[in-house]
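The analysis underlying the following values was restricted to heavy atoms, covering all of them including side chains, and did not include hydrogens, waters or symmetry mates. Read the numbers this way: they start at 1 and go in the same order the structure lists the ligands and their atoms.
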Amino acid sequence: MPESFQNLINGKWVSAASGKTIESQNPADASRIIGTVPASGKDDIDRAVEAAKAAFQGWKTTPAPKRGEVLFRAAELLLEHKDELGRLVTAEMGKILPEGLGDVQEAIDMAYYMAGEGRRLSGETVPSELYAKDCKSVRSPIGVFALITPWNFPTAIPAWKIFPCLIAGNTAVFKPSSYTPVAATRLVELIVEAGLPPGVLNLVHGTGDSTGEYLATHPGIDGVSFTGSTAVGEKLAKLCGGLDKEISCEMGGKNPIIVMDDAKLDLAVEGALWGAFGTSGQRCTAASRLIVHEKVHGRFLEMFLDSARKLKVGDGLAPGIHMGPVINEQQMKKVLDYIEIGKKEGAKLALGGMAMKEGAHAKGFFIKPTVFTDVKAAMRIAQEEIFGPVAAVIKAADLSDAINIANGVKYGLSSSIYTQDVNNSAIAERDLDAGIVYINAPTIGAEIQLPFGGTKKSGLGRKEAGGRGGALDMFTKWKVIYRDFSGRLQKAQID
Ligand code: NAD
């Protein structure tokens, strides 16, 4: 019998009122069930939102440094349990163990960072034009948030939302992806163990269209922080906009790496491999387009294919594996369908292009690292997010051509250029239309102390993570306070 996990509502672990459950499987071997979680219905969500609402006043008035102390303890607990949690992330999501541990490390980093914000959360104090009057702006919490997350970062993305949401004084109902619910539950268990009062953070499991949508549009929800596909993000933005709710959406990507003729090719090849095939290409920032200067195209391709051919694909918990499975059968089918589309469009399949179904791969969702060459920028495989281990190599005539190709998609999350020329790098930095630009590094590897998010169809609303313009802007509203201690009526702009 697989272990069963529950929802957390008002500090109590409970099953769904309906008693219905969802199974979570190991994508490296679908016969291994990681656990079951409640398939939550409207009653469960109503109770979770009510609990978060009731807890709001107490949490909001808890001094922010005290809230920070809880987050600090959560960071310590996560660190203590990093190995166990990292293994669970790998078993449930499929990414290789070093990446599973990296996922948890990102959650730890965010917990420490936001714990520190408890002693900052700074606003502005400016002089008044009037006598004996002061003026300041302060951040204040918004209320109850719905936090909705995808499966590709089972602990990091939830942490990116939970910690800034809570440090700002909001309360939350968190709905993780139904494909990675057990890792999310373990994360919440540890956060609660750190000393969160009941109701401040609630967890409801369930699928997107039923549980997620009901939660996001619930009248008791003041704000929504969503990460997932562009289609769902845009739908939620429309629904929530009509309901006057704050909403921020982090969505899909089709991220380019530009390789210039003056690039260090071995470095570019290494970066492109990690960018395209890390996490089996299932990162919003995955490098799915490699835009290569025509002068080095042949040499780059030879080196890239040679390295990609050597990647070992298998269960991410096994040693020596470079790439794990994709998340489930549905995703495997989607990726294989795109490979067929690429062939029909006339791109040349230079490597991979098929599922792996023999021996150790028989029960999992494994796809060979796949490389298309002779890709034209307008092809669907160069325009649409595939979210799998598929790289499209596109030839560019020069820097300006490469940047036009890079920008010629509906997404704008991450981007990268490999060059040794300072002028090329400065032009790319200026002209790439993306939320993130890397120079001589692949499109993946954001650090938590700066804002994270994209342009165009990659992001809507506020950004995530730290720094100026980061998640605290998503989770707070500015309030301006004027205090007159002159003892008389003073009229601004008139006296
Ligand atoms: P998804 O949009 O299918 O689901 C994301 C979350 O939303 C899940 O919890 C899901 O249950 C829920 N959901 C689905 N439909 C819903 C609805 N109608 N109402 C409310 N909630 C709903 O995405 P996914 O397959 O889980 O994740 C992959 C996608 O996420 C990719 O497009 C990827 O690029 C994107 N992503 C973006 C970022 C980023 O920061 N930009 C990070 C990671 C993943």
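The side-chain tip of Lys95 points at the ring of Phe153 from less than 6.0 angstrom away and within 45° of straight on. Trp151 does not carry Arg283 over the face of its six-membered ring by the limits of under 6.0 Å from the centre and within 45° of the normal.
Side-chain contact between Lys368 and Met356 is present, with at least one heavy-atom pair separated by less than 4.5 Å.
The proximity of Thr285 to ligand 1, defined as any non-hydrogen pair under 4.0 Å, does not occur for either the backbone or the side chain. With a 4.0 Å heavy-atom cut-off, ligand 1 is reached by the side chain of Ile157 but not by its N, CA, C or O. Under 4.0 Å from ligand 1, not a single heavy atom of Thr211 appears. Under 4.0 Å from ligand 1, not a single heavy atom of Leu215 appears. Counting heavy atoms under 4.0 Å from ligand 1, residue Phe153 does not touch it at all.
Remark: the backbone N or O of Ala377 is paired with a side-chain donor or acceptor of Gln383 at under 3.5 angstrom. Of the possible donor and acceptor atoms, none in the side chain of Glu246 sits under 3.5 Å from a partner among the backbone N and O of Met474.
Shortest contact from atom 35 (C) of ligand 1 to any protein heavy atom: Gly228 O, 3.2 Å. Nearest to atom 41 (N) of ligand 1 among the protein's heavy atoms is Met251 O, 2.7 Å.
Using 4.0 Å as the threshold, Ser177 has a heavy atom nearer than that to some atom of ligand 1. At least one heavy atom of Phe452 sits less than 4.0 Å from an atom of ligand 1.
With Glu234 as reference, Lys457 is the one residue of Lys456, Lys410, Lys457 to meet the salt bridge (charged side-chain N to carboxylate O under 4.0 Å, His left out) rule.
Ion pairing between a basic and an acidic side chain is recognised when a charged N comes within 4.0 Å of a carboxylate O; Arg47 and Asp44 show such pairing. Remark: Arg468 does not engage Asp473 in a salt bridge, criterion side-chain N to carboxylate O under 4.0 Å.
The shortest N or O to N or O distance between Thr230 and ligand 1 is not under 3.5 Å.
One option in Tyr411, Phe226, Phe387, Tyr214 has a heavy atom closer to atom 7 (O) of ligand 1 than any other, and that option is Phe226. Considering only non-hydrogen atoms, atom 42 (C) of ligand 1 lies nearest to Cys284 out of Cys284, Ser458, Ser414. For the residues Thr207, Val232, Thr180, the heavy atom positioned nearest atom 16 (C) of ligand 1 is part of Val232.
Protein heavy atoms are found less than 4.0 angstrom from atom 19 (N) of ligand 1.
For the residue pair Gln449 / Tyr113, no side-chain donor-acceptor distance below 3.5 Å is found, with atom types taken as modelled.
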